[in-house]
Amino acid sequence: MKNLPQVDVVIVGGGWTALLMAKELSSRTALAVTVLERGRLHQPGEYLAGMDELDYAIRFRMMQDPSQQTVTLRHNPQQRALPIRQYGSFLPGSGVGGAGEHWNGVCHRGLPDCFELLSRTTEKYGTKRLPKDHAVQDWGLTYDELEPHYARVDALLGVSGKAGNLRGKQTDGGNPFEGWRSSEYHTPPMKIAYFSELFRTAASSLGYHPFPIPSANLSTTYTNPDGVTRPGCAFCGFCERFGCMIGAKAQPTNTLLPVIGKRKNVSLRTRALVRRIVSESAGKARTARGVVYLDESGEECFQPADLVIVATWTLNNVRLLLLSGIGQPYDPATGKGALGRNLTHQISIPAAQAFFEKPLNRFMGAGASGITMSDFDSDLFDHTELPFLRGGMLEASVTGARPISNFGAVPRSVTARWGSEWKKAAVHNFDRTGNITFLGEHLAYKDNFLDLDPTYRDRFGDPLLRLTLNWRDNERKMVEFVVPKAVEIAKAMNAADVIPFPGLGNYDATRYQSTHVQGGAIMGASPERSVINPYLQHWDVPNLFVLGGSCFPQNFSSHPTMTILAQAFRTADAIVDRYLKHPTALA
Amino acid sequence: MKRREFLILSAASIGGVLVYSFDRKATRASVEDHAIRIPLRFFTQAEALAVAALASRIFPSDDSGPGAREAGVVVYIDRQLAGPYGRDRHRYTQGPFEDGAPELGYQGSATPREIYRQGLKPLLGIDSKTPEEQDKALQLIESTLFFGFLRAHTIEGMFCDPVHGGNVDMIGWQLIGFPGPRMSNYKEIDQHFGDAYRPKPVSLREVGGDNVHLSENEQ
């Protein structure tokens with residue numbers, strides 16, 4: 001093994017949180033920072049030459065390669081897990097920028113009560129309403145504490161939108177149910193396409209409160225506080241699964257890398273695959289010494305560092321901690337151990353598939369272009385008489401209808417799935433079909449968790465991460481409640497036919513839902529029930545921080561990137577302002 | 001050495017098509033040619049003829065427009081199977097292989113190439129049968145993995161960028177009004193409400209030039 005010279009900080013991963021932390025630490029301190037990314041840096045021009053649905057959205061060129069690393073899945077602890085052999089329900093990225101390169105750019109904040117889910121729910125509904133097997137927790141952090149950091153992310157990305165609640169005052173055009181915002185969005189809302197406009201009109205006519213999806217695709221040119229300028233979105237329709245060819249969509253490579261590139265104290269190493277965090281204990285205290293990684297040539301290297309920051313995607317964070325033997329693995333039978341608990345995903349379903357008489361021109365669009373509404377979100381409607389808790393957003397977004405992924409939808413009158421009758425109907429309806437999507441909260445349960453698989457291994461012989469994950473009645477009944485609302489809106493949009501979502505069965509690894517898989521190394525107020533404290537610092541290892549969606553005790557309905565980045569800002573402050581002065585536990 | 005196989009099609013029967021040869025240069029086969037010889041990378045000639053026949057029953061040419069035959073779907077599938085996708089280069093293929101719940105996805109060890117080779121065995125020669133007989137043969141295999149692949153790959157071959165060998169002359173895109181990798185729709189995104197807006201399609205080669213690298217040509 002090659003022993004490398006000591007650095008001050010080593011950051012594992014090269015995506016949003018890794019590069020944000022590298023930018024903050026290198027700009028505000030003289031620390032020597034090394035970033036280790038397993039993938040490569042995308043070359044200029046690559047995204048323009050990558051406007052290809054087949055290679056990027058069907059063959060998943062930008063994603064983690066399942067032949068190299070995947071996960072196993074089972075629906076309950078009694079089953080034997082099998083590997084997810086090809087990706088479906090979520091799509092982790094690889095390469096500098098990670099999944100932040102091929103995201104859609106949706107920029108919701110979490111609603112305030114989500115951060116105190118356990119206490120707010122029991123306060124209102126008593127202790128008996130949460131499902132018996134729930135594992136719901138408070139975050140150990142409130143919306144008010146996080147708001148200034150959300151505002152910094154808004155400024156960093158230049159988020160396009162319209163406030164609905166400015167410092168507690170309701171303002172027109174935004175989400176009236178959102179948490180208070182200290183400042184207006186930095187750029188106006190995105191232009192709205194026909195399908196989304198139909199949704200807005202229909203939802204308003206039914207008394208709901210539709211608003212434009214906050215977007216990091218940019219409605220217009222924007223220069224952020226770091227002096228990085230990005231152009232406005234061209235609505236080409238190549239956002240999700242793709243890197244933006246004009247750099248309008250905020251991505252780590254166009255928003256953070258230009259700043260990091262100017263700092264002499266950051267070194268970014270690509271094709272560096274971290275396999276272990278090395279730690280040692282002296283008495284009760286455990287200290288991280290650095291990380292072991294394979295470099296481009298396959299040589300094993302030890303990178304010693306004073307501070308270790310794990311900042312990969314949710315599931316890879318948790319697997320690295322498990323493989324490194326840091327923290328006590330969670331055992332659902334006894335409830336002991338915190339590492340691996342509270343695995344959640346996001347309900348993401350085509351609640352209503354609507355067929356229209358007129359063409360929609362859906363090839364035009366952007367990842368975060370559209371109209372959404374929070375009327376059935378969180379606890380904004382009373383659940384006293386309902387058979388479930390919480391809720392989610394209903395929306396009509398226009399991300400650009402790529403032909404391979406979207407061809408084939410036909411109204412219920414056509415039963416054929418191949419041949420002339422089907423083809424004619426599918427050709428006619430290709431540009432006359434739109435989905436009203438529901439994005440719902442996923443509660444945490446005792447038996448939804450992560451551990452190492454006893455059977456399946458990666459190419460080095462390391463065990464794969466095992467997901468034990470399934471939906472419960474709360475999610476299924478939430479979907480049963482909300483699908484008729486979506487159908488009602490679709491009918492108010494004058495849809496000629498509407499196909500309702502048939503219902504949530506078992507967790508389906510073959511249907512793309514979202515890449516918003518959360519938990520496993522969760523934050524919280526107590527070391528017994530969480531892995532990291534509210535500053536994302538490991539409870540047992542004070543010089544180890546774990547960033548990203550793995551910290552979520554349970555998922556909200558909204559997309560997580562804003563919250564993940566806001567927390568990374570907050571942690572950077574805690575490191576710079578407090579930890580470096582007194583390198584001990586921050587909580 | 002394996003004898004090189006060709007798909008020989010009558011040019012008159014399919015009109016002029018763009019054919020991408022090994023060096024990726026497009027050549028147009030015109031109706032004056034008596035026959036087009038397309039070099040095959042994976043299929044035997046008999047397999048290619050069967051796939052071409054079956055794909056055009058899944059996505060037929062009819063009064064609503066052209067179908068799989070005109071789009072060159074068989075050429076697309078041949079290239080995909082010859083490339084990394086066909087041999088499962090990026091799928092997790094470590095054992096043990098066990099059957100599981102359908103929500104866990106395909107768990108078998110057979111690669112797409114093997115699934116095609118096996119699936120086509122009883123169907124060789126189907127191209128000389130009537131369309132009704134071909135439909136009957138497809139109905140019998142509708143629930144198989146092979147049929148699922150054939151249907152999905154036919155759709156891919158209809159609507160992929162022409163650089164991949166299907167969607168010849170962008171006829172698939174024109175059929176459904178998709179304009180390809182168009183640089184900007186900024187002016188139009190909030191216009192044309194209720195009207196079909198159909199800009200002239202462009203292909204990836206026009207946009208990405210020599211930077212376009214195709215997955216089927218990777219190792």
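Below, read A as the first sequence line, B as the second, and so on, with proteins coming before strands; counting in each chain starts at 1. Reckoned from all heavy atoms, side chains included, excluding hydrogens, waters and symmetry mates.
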Student: Heavy atoms, side chains only, cut-off 4.5 Å: are A:Trp418 and B:Thr154 in contact?
Tutor: no

Student: Rounded to the nearest 0.5 Å, what separates atom CG in B:Asp88 from atom OG in A:Ser67?
Tutor: 9.5 Å

Student: Answer with side chain, backbone, both or neither: which region of A:Arg362 has an atom nearer than 4.5 Å to a non-hydrogen atom of chain B?
Tutor: neither

Student: For B:Pro131, is it the side chain, the backbone, both or neither that has a heavy atom under 4.5 Å from a heavy atom of chain A?
Tutor: neither

Student: Would the distance check show the side chain of B:Glu98 and the main-chain N or O of A:Ala81 forming a donor-acceptor pair, the cut-off being under 3.5 Å?
Tutor: no

Student: What part of B:Asn167 is in contact with chain A, defined as an atom under 4.5 angstrom from a non-hydrogen atom: side chain, backbone, both or neither?
Tutor: neither

Student: What part of A:Thr455 gets closer than 4.5 Å to chain B, counting heavy atoms only: side chain, backbone, both or neither?
Tutor: side chain

Student: Looking at CD of B:Glu188 and NZ of A:Lys191, how far apart are the two atoms once the value is rounded to the nearest 0.5 Å?
Tutor: 8.5 Å

Student: Please classify the contact of B:Leu104 with chain A as side chain, backbone, both or neither, using a heavy-atom distance under 4.5 Å.
Tutor: both

Student: What part of B:Pro84 is in contact with chain A, defined as an atom under 4.5 angstrom from a non-hydrogen atom: side chain, backbone, both or neither?
Tutor: neither

Student: With under 30° as parallel and over 60° as perpendicular, where do the rings of B:Phe193 and A:Tyr194 fit, or are they tilted in between?
Tutor: tilted

Student: With side chains defined as the heavy atoms from C-beta onward, is the minimum distance between A:Leu54 and B:Gln80 less than 4.5 Å?
Tutor: yes

Student: Within the structure provided, determine whether B:Glu103 and A:Leu73 are in side-chain contact (heavy-atom separation under 4.5 Å).
Tutor: no

Student: Measure distances from B:Gln139 to the heavy atoms of chain A and classify the residue's part below 4.5 Å as side chain, backbone, both or neither.
Tutor: both

Student: Is chain A contacted by the side chain of B:Arg89, its backbone, both, or neither, given a heavy-atom distance below 4.5 Å?
Tutor: both

Student: Heavy-atom distances under 4.5 Å only: say whether B:Arg151 touches chain A with side chain, backbone, both or neither.
Tutor: side chain

Student: Given 3.5 Å as the limit, does a donor-acceptor pair link the side chain of B:Asp161 with the main chain of A:Asp52, or not?
Tutor: no

Student: So do the side chains of A:Met245 and B:Pro181 get within less than 4.5 Å of each other, counting heavy atoms only?
Tutor: no

Student: Is B:Glu216 salt-bridged to A:Arg59, going by a charged N under 4.0 Å from an acidic O?
Tutor: no

Student: Are the side chains of A:Pro83 and B:Gln107 in touch, meaning some heavy atoms are under 4.5 Å apart?
Tutor: yes

Student: For B:Ser61, is it the side chain, the backbone, both or neither that has a heavy atom under 4.5 Å from a heavy atom of chain A?
Tutor: backbone

Student: Do A:Lys424 and B:Asp63 have side chains that get closer than 4.5 Å, going by heavy atoms?
Tutor: yes

Student: Who among B:Gly100, B:Pro179, B:Gly180, B:Pro102 has the most heavy-atom pairs with chain A under 4.5 Å?
Tutor: B:Pro179

Student: Side chain from CB out, backbone as N, CA, C, O: work out which of these in B:Tyr85 comes under 4.5 Å of a heavy atom of chain A, or both, or neither.
Tutor: side chain

Student: Determine whether A:Met364 and B:Arg182 make a side-chain contact, defined as any pair of heavy atoms from C-beta on separated by less than 4.5 Å.
Tutor: no

Student: Is the ring pair A:Phe363/B:Phe178 parallel, tilted or perpendicular, if the boundaries are 30 and 60 degrees?
Tutor: perpendicular

Student: Could you tell me if the side chain of B:Ile176 sits less than 4.5 Å from the side chain of A:Asp431, heavy atoms only?
Tutor: no

Student: How close do B:His213 and A:Asp55 get, heavy atom to heavy atom, and via which atoms?
Tutor: O-OD2, 3.6 Å

Student: Quick one: sort the A:Phe430 and B:Phe159 rings into parallel, tilted or perpendicular, breaks at 30° and 60°.
Tutor: parallel

